Amino acid sequence: MKGIKYYALCIINFALFFALSGCVEEFEADIPDDDSDLLVVEGSICSSQMNKFILSRTQSLNTSVASKPVIGAMVYVRGSDGSEYLAQPTAGNYGYFSCWIDDLNPDVEYWLHIETNGEIYESEPQKPLRTEGIADVTVVQNTPDSNIDVLVTPDAPFDSNKANYYSWTCDETWEVHSDYTTNMYFDIETMMRMYQAHLFPDCGWKDATNATIMVGASSSYEGQHIQRLKMYDIDCSNERVFYMYSGLIHQRAITKAEYEYELAREQAGSEMGGLFTPQPSALPTNIHCLTSNKHVIGYVGCSLNTSEYRFFLDADDFSIHYPEREDTRLWIDNCDENVCKRMVEKGMFLCEWEDNRVSGGTLHTAWAFERQLDVRYKGAYIERPDFWPEEEDEE
């Protein structure tokens with residue numbers, strides 16, 4: 001969790017400040033002893049989807065990790081109408097708990113109930129908020145050298161007489177190509193060059209969840225309607241935009257309190273944090289321990305629905321900075337069939353064949369290893385996503 005890192009950062013900043021200033025008066029930071037074992041809760045209660053909750057605990061400064069996952073907890077989503085959903089541990093992901101939640105009732109209050117280490121924690125009951133749709137997602141690059149910005153515009157608010165607050169996340173998918181392609185190979189049985197298309201998959205895709213959780217308020221917009229709010233940007237020299245990129249934006253209406261929690265969490269985890277960064281127990285939260293006075297980090301929202309919008313970015317429409325790339329294939333001059341055979345036996349594959357022997361010249365060939373030809377070596381998968389547009393020559 002990004003926000004946890006501020007705990008170590010704050011202590012280090014205090015130590016450096018007083019060491020460098022030469023202050024003769026001894027300073028002792030007032031930091032509660034139990035701040036190194038705080039329960040951290042991530043996740044929201046959302047209607048008609050799989051809900052995921054992540055539980056962890058902060059660690060002291062003398063450990064190598066910022067947090068450790070919570071194992072063996074009992075996690076429930078409960079409603080004031082008596083409904084209850086048990087979140088099961090996710091196999092292979094310690095500290096992850098998930099459950100499917102049916103349609104939530106807008107007139108019922110819901111909360112998260114956690115039992116761990118002999119303590120009981122609950123979030124404050126709240127009715128699920130309706131979320132407007134997303135009117136548009138715009139992708140712009142202001143100058144040929146600037147980053148590519150992703151801007152979001154929600155639909156007109158349900159209530160234009162009050163401030164509206166939103167949270168956005170994004171799932172990313174982008175196209176990846178292998179370093180080189182080939183449509184030929186050398187057959188050592190016939191000692192001849194042969195042609196075969198698609199010897200290696202040279203195009204694939206990668207997925208990621210953007211680490212940015214963007215929040216926004218409508219108070220500075222006319223009619224409380226947010227327009228073209230920047231969600232995040234992508235460096236124009238990043239692999240994600242070399243060919244085609246797609247983002248699936250998730251929009252959720254949140255309360256003012258959740259909005260303020262996300263702002264405080266961002267401040268605490270940013271590099272700008274320091275002497276005035278709040279201590280863990282000072283972060284706003286709507287989760288409380290019912291059996292003791294233990295503090296908790298986190299905020300559990302509740303949404304009646306989540307809006308989605310998929311957009312695409314085509315590299316041909318932007319100024320993309322591709323890195324200079326040296327030809328790392330092995331070129332062999334004065335190559336003959338016996339040399340070609342030896343290259344195959346070494347595990348290399350034929351990429352280029354320039355035969356000028358008929359005109360008195362020589363045979364030049366280029367060879368590459370499988371890792372240079374198969375896009376899967378770059379961590380990509382080769383099954384085209386259902387939402388990915390077909391290439392024009394495939395239609």
Side-chain angles (χ1 to χ4, degrees), residues 1-6 9 133-155 165-179 203-222 225-252 254 259 262-274 277 306-326 375 378-381 385 387-389 391:
M1 176 179 178
K2 177 181 176 184
I4 301 305
K5 296 180 182 177
Y6 76 88
L9 178 63
I134 300 176
D136 186 41
V137 173
T138 308
V139 185
V140 298
Q141 185 179 29
N142 295 319
T143 71
D145 294 322
S146 65
N147 292 348
I148 300 172
D149 297 334
V150 178
L151 315 176
V152 62
T153 299
D155 283 337
Y165 303 92
Y166 304 93
S167 169
W168 295 275
T169 57
C170 181
D171 295 326
E172 302 174 287
T173 303
W174 63 95
E175 190 173 312
V176 184
H177 289 194
S178 60
D179 291 336
C203 179
W205 292 266
K206 290 183 179 181
D207 296 326
T209 297
N210 194 302
T212 302
I213 299 178
M214 179 66 189
V215 293
S218 65
S219 53
S220 61
Y221 292 85
E222 183 178 355
H225 188 188
I226 293 176
Q227 302 280 341
R228 294 168 63 87
L229 175 68
K230 178 179 173 180
M231 267 197 62
Y232 62 96
D233 58 44
I234 307 174
D235 192 305
C236 61
S237 61
N238 189 284
E239 174 199 64
R240 292 179 291 170
V241 294
F242 283 174
Y243 302 99
M244 180 169 284
Y245 168 94
S246 178
L248 179 62
I249 304 294
H250 305 275
Q251 175 177 283
R252 186 170 61 84
I254 61 176
Y259 169 78
E262 291 293 346
L263 290 182
R265 187 168 74 111
E266 181 180 359
Q267 177 191 1
S270 70
E271 293 181 355
M272 296 301 292
T277 297
T306 301
S307 299
E308 296 181 347
Y309 189 107
R310 180 171 294 284
F311 70 94
F312 290 89
L313 183 162
D314 192 327
D316 293 338
D317 299 328
F318 298 88
S319 176
I320 306 301
H321 294 192
Y322 297 95
E324 295 184 6
R325 190 179 69 178
E326 180 184 358
V375 72
K378 291 190 171 185
Y381 59 90
F387 56 83
W388 208 257
E391 297 180 5

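Quantities reported herein were computed from a predicted structural model and do not represent experimental measurements.
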Nearest heavy atoms of G216 and I226, plus distance in Å: C-CD1, 4.2 Å
Aromatic plane relationship, W174 with Y245 - under 30° parallel, 30 to 60° tilted, over 60° perpendicular: parallel
F312 and W388 aromatic ring geometry - parallel, tilted or perpendicular at 30°/60° bounds: perpendicular
side-chain contact (heavy atoms from CB on, under 4.5 Å) between I148 and V139, intermediate numbers included: CA-CA 7 Å; I148 300 172; V139 185; 3.3 Å; yes
Partner of R240 by side chain to side chain contact (heavy atoms under 4.5 Å, CB included), out of V176, I234, T173, L313: I234
Nearest heavy atoms of H225 and P154, plus distance in Å: NE2-O, 2.7 Å
Worked check of side-chain contact (heavy atoms from CB on, under 4.5 Å) between V152 and W168: CA-CA 9 Å; V152 62; W168 295 275; 3.8 Å; yes
Steps toward side-chain contact (heavy atoms from CB on, under 4.5 Å) verdict (E172, C170): CA-CA 6 Å; E172 302 174 287; C170 181; 4.1 Å; yes
Inter-residue atom distance I249.CD1 - R310.CZ, 0.5 Å rounding: 9.5 Å
Polar side-chain atom of K206 near backbone of K378 as donor-acceptor pair, under 3.5 Å: yes
Heavy-atom side-chain proximity of V137 to V150 below 4.5 angstrom: yes
R252 side chain to T169 backbone, donor-acceptor under 3.5 Å: no
Pair D235, S237: side-chain N/O donor-acceptor within cut-off below 3.5 Å: yes
Test item: S246 side-chain N/O and F311 main-chain N/O as donor-acceptor pair under 3.5 Å: yes
Minimum heavy-atom distance P144-H321, with the two atoms named: O-NE2, 3.1 Å
E308 CD to T306 OG1 distance, which is reported to the nearest 0.5 Å: 7.5 Å
Value rounded to 0.5 Å, distance of CD in Q251 from CG in D155: 7.5 Å
Polar side-chain atom of S218 near backbone of Y221 as donor-acceptor pair, under 3.5 Å: no
Minimum heavy-atom distance S167-I213, with the two atoms named: OG-CG2, 3.8 Å
T153 backbone acceptor or donor facing Q227 side chain under 3.5 Å: no
Worked check of side-chain contact (heavy atoms from CB on, under 4.5 Å) between Y309 and D136: CA-CA 8 Å; Y309 189 107; D136 186 41; 3.4 Å; yes
Heavy-atom pair with the smallest gap, counting every atom of S319 and Q141: N-OE1, 2.9 Å
Shortest non-hydrogen contact from Y243 toward H177: CE2-ND1, 3.3 Å
